[in-house]
Amino acid sequence: MSSPLFVAIDTPALDQALALASAVTAHVGGVKLGLEFFAANGPAGVARVAAMGLPVFLDLKLHDIPNTVGKAVAALTPLKPAVLTVHAAGGRAMLAAAKAAAPAGCKVVAVTVLTSLDSTDLAEVGVSASPAEQVARLADLARSAGCDGIVCSGEEVAAAAVRWPEGYFVVPGIRPAGSDVGDQKRVLTPPEALARGASMLVVGRPITAASDPAEAARSIAASLDAAPALTATA
Ligand SMILES: O=C(O)c1cc(=O)[nH]c(=O)n1[C@@H]1O[C@H](COP(=O)(O)O)[C@@H](O)[C@H]1O
């Protein structure tokens, strides 16, 4: 089985992205390219990283009217992403349009509540539900709209995996014990998130900002090998 560990290569510098992907390739299951990389390098940059051979998670968090999102997803098809993100808050028709336009074999996953938000942040944008309640609501929406899974934090993934047994669960906000949390608010360690049912662990700065990214990735991968089997509870 390929590793659930994906490294988030958040940099505008193509050379740096290629060097990071090359350094960690033996220890990860794929690379995640997001807005920072895409804004600077566009589809051609994504193709350069993809040519290295690792699966690419293209994390553009699309959120617009259904027609626009469907056409944007169709335009990304030549890049053959393994996974694409859209925002669940875009609604049922937008989620269905994204899935309908996605290339065969590409998982469309819906971002529920960003891991940088807590209940105070949600209240500020008019959401009175807790992060756990909101993730459950948006997971049900994503599932019924035909998506393959969701993005949520490690705090919600066990309940989501119970609600949606065949779902694919992308979990960012991953921090090895003792590492800097940064702007993340809902975090879990790599083995804990895996044990709770994560399908993919997204790790950025704990690897990319390490003095030795290859060693950081190797160490996280080794911690996963020692992780206990799934113990998901609702
Ligand atoms: O969709 C994502 O990947 C994502 C969703 C989310 O709720 N939180 C989140 O941090 N991410 C992404 O996961 C990565 C986390 O990076 P680090 O905090 O450096 O590990 C970033 O590239 C974020 O864009």
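Heavy-atom basis, side chains included; hydrogens, waters and symmetry copies ignored. Start at 1 and go down the list; that is how both ligands and their atoms are numbered. Model, not experiment: these values are computed from the prediction.
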Backbone or side chain, does any N or O of Val203 fall under 3.5 Å from an N or O of ligand 1?
no
Take Thr85 and Asp59, measure what side chain to side chain donor-acceptor pair (under 3.5 Å) needs, and give me the verdict at the end.
CA-CA 5 Å; Thr85 44; Asp59 174 32; 2.6 Å; yes
Has ligand 1 got any nitrogen or oxygen that is less than 3.5 angstrom from a nitrogen or oxygen of Thr85?
no
Does Glu36 come within less than 4.0 Å of ligand 1, judged by its heavy atoms?
no
Atom indices of ligand 1, in the order listed, that fall short of 4.0 Å to a heavy atom of Val151
1 (O), 5 (C)
Nearest-contact summary for atom 3 (O) of ligand 1 - protein heavy atom, Å:
Asp59 OD2, 3.2 Å
Test of understanding: given a 4.0 Å heavy-atom threshold, classify the contact between Leu114 and ligand 1 as side chain, backbone, both, or neither.
both
Considering only non-hydrogen protein atoms, determine which one is nearest to atom 23 (C) of ligand 1 and report residue, atom name and distance to 0.1 Å.
Lys32 NZ, 3.6 Å
Would you say Ile174 and Val202 make side-chain contact, with heavy atoms under 4.5 Å?
no
Evaluate the side-chain proximity of Pro213 to Thr208: yes if any heavy-atom separation is below 4.5 Å, no if none is.
no
Using side-chain heavy atoms (C-beta onward) and a distance below 4.5 Å, is Val170 in contact with Phe6?
no
More than 12 heavy atoms from other groups under 6.0 Å of NZ on Lys80:
no
Check ligand 1 against Arg205 and write out every atom of the ligand that is under 4.0 Å from a heavy-atom position of the residue.
17 (P), 18 (O), 19 (O), 20 (O)
Which ligand 1 atoms, with their elements, are less than 4.0 angstrom from a heavy-atom of Val202?
13 (O), 14 (C)
What atoms of ligand 1 come within less than 4.0 Å of a heavy atom belonging to Pro206?
20 (O)
Please verify whether a non-hydrogen atom of Ser153 lies at under 4.0 Å from ligand 1.
no
Salt-bridged, Asp148 to Lys99, with N to O below 4.0 Å?
yes
Ion pair check, Asp180 and Arg175, cut-off under 4.0 Å:
no
Do me a favour and list the nearest non-hydrogen protein atom to atom 21 (C) of ligand 1 with residue, atom name and distance?
Asp10 OD2, 3.4 Å
Salt bridge check, Asp183 against Arg205: does any charged N sit closer than 4.0 Å to a carboxylate O?
yes
Quick one: nearest non-hydrogen protein atom to atom 8 (N) of ligand 1, plus distance?
Thr115 OG1, 2.7 Å
Give the residue, atom name and distance (to 0.1 Å) of the protein heavy atom nearest atom 10 (O) of ligand 1.
Gln184 NE2, 2.8 Å
Do NZ/NE/NH1/NH2 and the carboxylate oxygens of Glu156 and Arg196 come within less than 4.0 Å?
no
Using a 4.0 Å heavy-atom cut-off, say whether Cys152 meets ligand 1 through its side chain, its backbone, both or neither.
neither
Ring geometry between Trp164 and Phe169 (parallel below 30°, tilted from 30 to 60°, perpendicular above 60°)
perpendicular
Tell me which protein heavy atom sits closest to atom 5 (C) of ligand 1, plus the residue, atom name and distance to 0.1 Å.
Pro172 CG, 3.5 Å
